[in-house]
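The structure appears right after this line, and notes come after that.
Heavy atoms only: backbone and side chains are in, while hydrogens, waters and symmetry mates are out. Predicted model, so just to flag it, every value in this text is computed and none were measured.
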Amino acid sequence: MSPDVEPLGQLRRTHTAGELTAADTGKDVVLLGWVHRVRDLGALVFFDVRDRHGVTQVVGRDDHPGAADAAKRLRPEFVVAVQGRVEKRSKEAVNPKIRTGEIEVVARDIRLLNDAKTPPFPINEESNVSEETRLRYRYLDLRRPKLQQNLILRHKAAFAVRRYFDEQGFLEIETPILTKSTPEGARDYLVPSRVHPGEFYALPQSPQIFKQILMISGLDRYFQIVKCFRDEDLRADRQPEFTQVDLEISFATESLVFSILEPLMGRLMALIGRDAPAPFRRMPYAEAIAKYGSDKPDLRVGMELKDLSEPFGSSEFAVFRNAIAKGGEVRGFVVPNAARYSRKELDQINDEVKQLGGAGVVWARRAEATVQSSGLKAAGEEVIRRALELAGAGPADLLLLAAGPHAPTARLLGALRLSIAKRENLLDPNRYEFLWVVDFPMFEWLEEQNRWEFMHHPFTAPLESDANRLESDPGSVRARAYDMVLNGSEIGGGSIRIHDQRLQRLIFKLLGMSDEEAKLRFGFFVDALEYGTPPHGGIALGLDRIIAILAGEQSIREVIAFPKTAQAVDLMAGAPSLVDARQLRELRIKAGE
RNA sequence: GGGGUCGUAGUUCAGUUGGUUAGAACGCCGGCCUGUCACGCCGGAGGUCGCGAGUUCGAGUCUCGUCGGCCCCGCCA
């Protein structure tokens, strides 16, 4: 079947498919869009015209037999022009489920602008289609109302960001996409230079150095909505290219940055009819790790971690006692109303802990006058009872315990806490808990490489109170770095930067970078620092993650028009792909394997 | 790099202990139908059981390998 396709000619759209109401009754209109569904009743044919604004019912009747005939030949996803008159529907025929349900368009002329193959999946919201198929046919997936709503929300958010920063005196300034590789941090995407054979540009992991240079240049307040690239493995919230709302402020302090960012989040939350009450809670990194086992705690759930070492320090329970003796601790948290867990569920939890890299968990609960615990035999009733008391576990609650060095044990329990929160459905999708995590450690110790590495990036300033320990005790120095966290998701991170070139050199030295090395990698930047650098700081927000949370999506793929799979493949475009041998020759590149 | 999970009609899925011709719903095609809106009714077509080996008289089902989607660990300044 290959129906005749007609030209658009002089027809022009008078209304979208989402706007006609009873007030338009009697108007002569032209709708342009896709056939959503056809209901052929014989001499009477209904179909819905769909565009991104909505759906409008069109009727083909015997008062315009030509139009009725044309309507009978329509199939889903055909592109049509409909000319006709708006009629108010009879009371029984009103469809309250759609905005245009009060009316219908009685077709006088139906033009088929294009036909369509039967789509591999239906274009409506209810259908649940494998993501693989959706990604392969992304152009069809993007016709679905949900994805269109997500992209509309994203547009509105980006627009609100631009308007807000303009109001606050920021300038949007573009920075290079072809730039210099800095091997620290994430793996770079490299772009070969044809003009300089054997040399490469790198795609930016973020515009970090450029925005700092803009501060040195006196641009005062910069922002940009910008693509960033990191060649690392993917996750539900990580794509190889992603979008940051990047900003930098001269003469900034933490409180200035926060006071600018908090109202911005308020504007974004307003897009979904919510707010972001300022000021956000602030939590030191050390507290986040101790209480939640995470540097991005989800504050929608309680179940705080507690140190429960006391009863185990001198107990018979060798594993726990030894962990404490070695400078570690016993940590645990209470799962409310989980005393009912079956043996099978408790085993599952233990398996999960092992999969997360832990040795396992010990569980404990009250039972009538006595207690039950997987550690009962080893620790004895009194110790378990004491631990339950210390943890504040009630009769219906379950206590989960692990032992070892502080941070790894806390992180293990933190991961378990989140997984149990999911299992128990405790993560309320209608709650939004913002916080700032502050006072990150300046450095982390790389065991394998026997050296310190910066935790944030090498331009982050130390807390003034800690700076005198930079050389004597670098592990204890806290950084003026901060993360914005929303519902357990890191949605932004930034810092107050080093503006003193002497301090910057010292930091490079501490990181084991010689003057020559530093010069090679960041020479231009260190040079620039010497020409009157104002104190400055900033932050970058993960736009994809923010939109995903606002849209209620579990994956940022749902708010990116053309995302990649977990293997970094664009299933629609077929990227990456082999390239022409001539292209490679021109670049003096030999492809491996 | 590692772990988990999934892969059967266009789509979403079922498929028993390894046993006849692999099913359902939706979609698609044809017919009927003047108030439908997930229209309804009647009929029909549609399968490389992801791919490749192996075990077996016999494999959608068991084994090994491999490819792909998703989730997690590592990684992600």
Side-chain angles (χ1 to χ4, degrees), chain A residues 1 36-48 55-63 68 71-72 75-77 87 89-98 100-101 104 106 117-137 140 182-188 204-206 208-209 228-240 242 351-358 411-412 415 418-419 422 440 442-444 446 453-460 479 481 490 493-495 507 511 521-522 540 542 554-555 557 564-567 569 571:
Chain A
M1 173 208 52
H36 191 58
R37 236 180 210 116
V38 183
R39 294 175 291 278
D40 182 352
L41 275 64
L44 187 65
V45 187
F46 297 96
F47 66 94
D48 300 319
V55 160
T56 301
Q57 175 164 283
V58 178
V59 55
R61 285 194 311 223
D62 53 7
D63 38 354
K72 287 175 105 56
R75 296 290 178 269
E77 303 312 310
E87 277 191 11
R89 299 198 200 181
S90 70
K91 212 178 251 154
E92 314 80 67
V94 166
N95 183 352
K97 281 184 271 184
I98 59 174
T100 59
E104 61 195 4
V106 179
K117 285 167 68 171
T118 301
F121 53 86
I123 312 300
N124 61 46
E125 265 202 70
E126 307 88 66
S127 60
N128 113 59
V129 185
S130 80
E131 193 162 357
E132 190 172 358
T133 307
R134 291 176 50 205
L135 289 173
R136 203 170 295 282
Y137 299 92
L140 297 179
T182 53
E184 290 76 22
R187 226 169 270 124
D188 284 324
Q205 297 174 24
S206 84
Q208 185 62 38
I209 291 177
C228 301
F229 306 86
R230 293 178 190 176
D231 185 7
E232 297 293 346
D233 286 342
L234 290 78
R235 290 284 189 282
D237 63 351
R238 272 161 40 186
Q239 285 271 307
F242 61 100
D351 286 348
E352 196 172 338
V353 166
K354 285 179 178 165
Q355 200 156 346
L356 289 165
R411 284 184 183 276
L412 183 75
L418 266 190
S419 130
K422 277 177 201 150
F440 279 79
M442 188 87 176
F443 307 104
E444 57 185 336
L446 294 185
E453 176 71 300
F454 48 83
M455 199 151 174
H456 189 59
H457 57 55
F459 318 115
T460 299
E490 181 199 326
S495 63
I507 298 290
L511 294 172
R521 291 182 187 174
F522 307 113
Q554 298 302 308
S555 163
R557 292 187 301 275
K564 292 177 178 61
T565 68
Q567 299 303 313
V569 167
L571 288 177

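A sub-4.0 Å separation between OP1 or OP2 of B:C39 and a side-chain N or O of A:Arg39 is present. One finds no side-chain N or O of A:Arg134 lying less than 4.0 angstrom from the OP1 or OP2 phosphate oxygen of B:C70.
Between the P atoms of B:C29 and B:G15, the separation comes to 31 Å (whole Å). B:G4 and B:G23 are spaced 30 Å apart, taking the C1' atom of each and rounding to whole Å.
For B:G35, its base sits under 3.5 Å from the side chain of A:Glu104 at one donor and acceptor pair at least. With hydrogens and angles left out, the side chain of A:Arg89 and the base of B:C37 share a donor-acceptor pair within 3.5 Å. Side-chain to base pairing of A:Arg238 with B:C76: one donor and one acceptor N or O lie within less than 3.5 Å of each other. On a pure distance criterion of 3.5 Å, a polar donor-acceptor pair joins the side chain of A:Arg235 and the base of B:G74. The base of B:G35 sits within donor-acceptor range of the side chain of A:Arg61, with an N or O pair under 3.5 Å.
Remark: ring of A:Phe46 stacked against base of B:U36; centroid gap under 5.5 Å, plane tilt under 30°.
Atom CG in A:Leu446 sits about 10 Å away from atom P in B:C75, given to the nearest Å. We find that CG of A:Asp62 is positioned 12 Å from C1' of B:G35, with the value rounded to whole Å. In this structure, A:Asp40 places its CG atom 14 Å from P of B:U36, rounding to the nearest Å.
Base pairing of B:C33: no nucleotide in any strand meets the Watson-Crick or G-U wobble criterion (both distances under 3.5 Å).
Between A:Asp48 and A:Arg37 no salt bridge is recorded (no basic side-chain N to carboxylate O distance below 4.0 Å).
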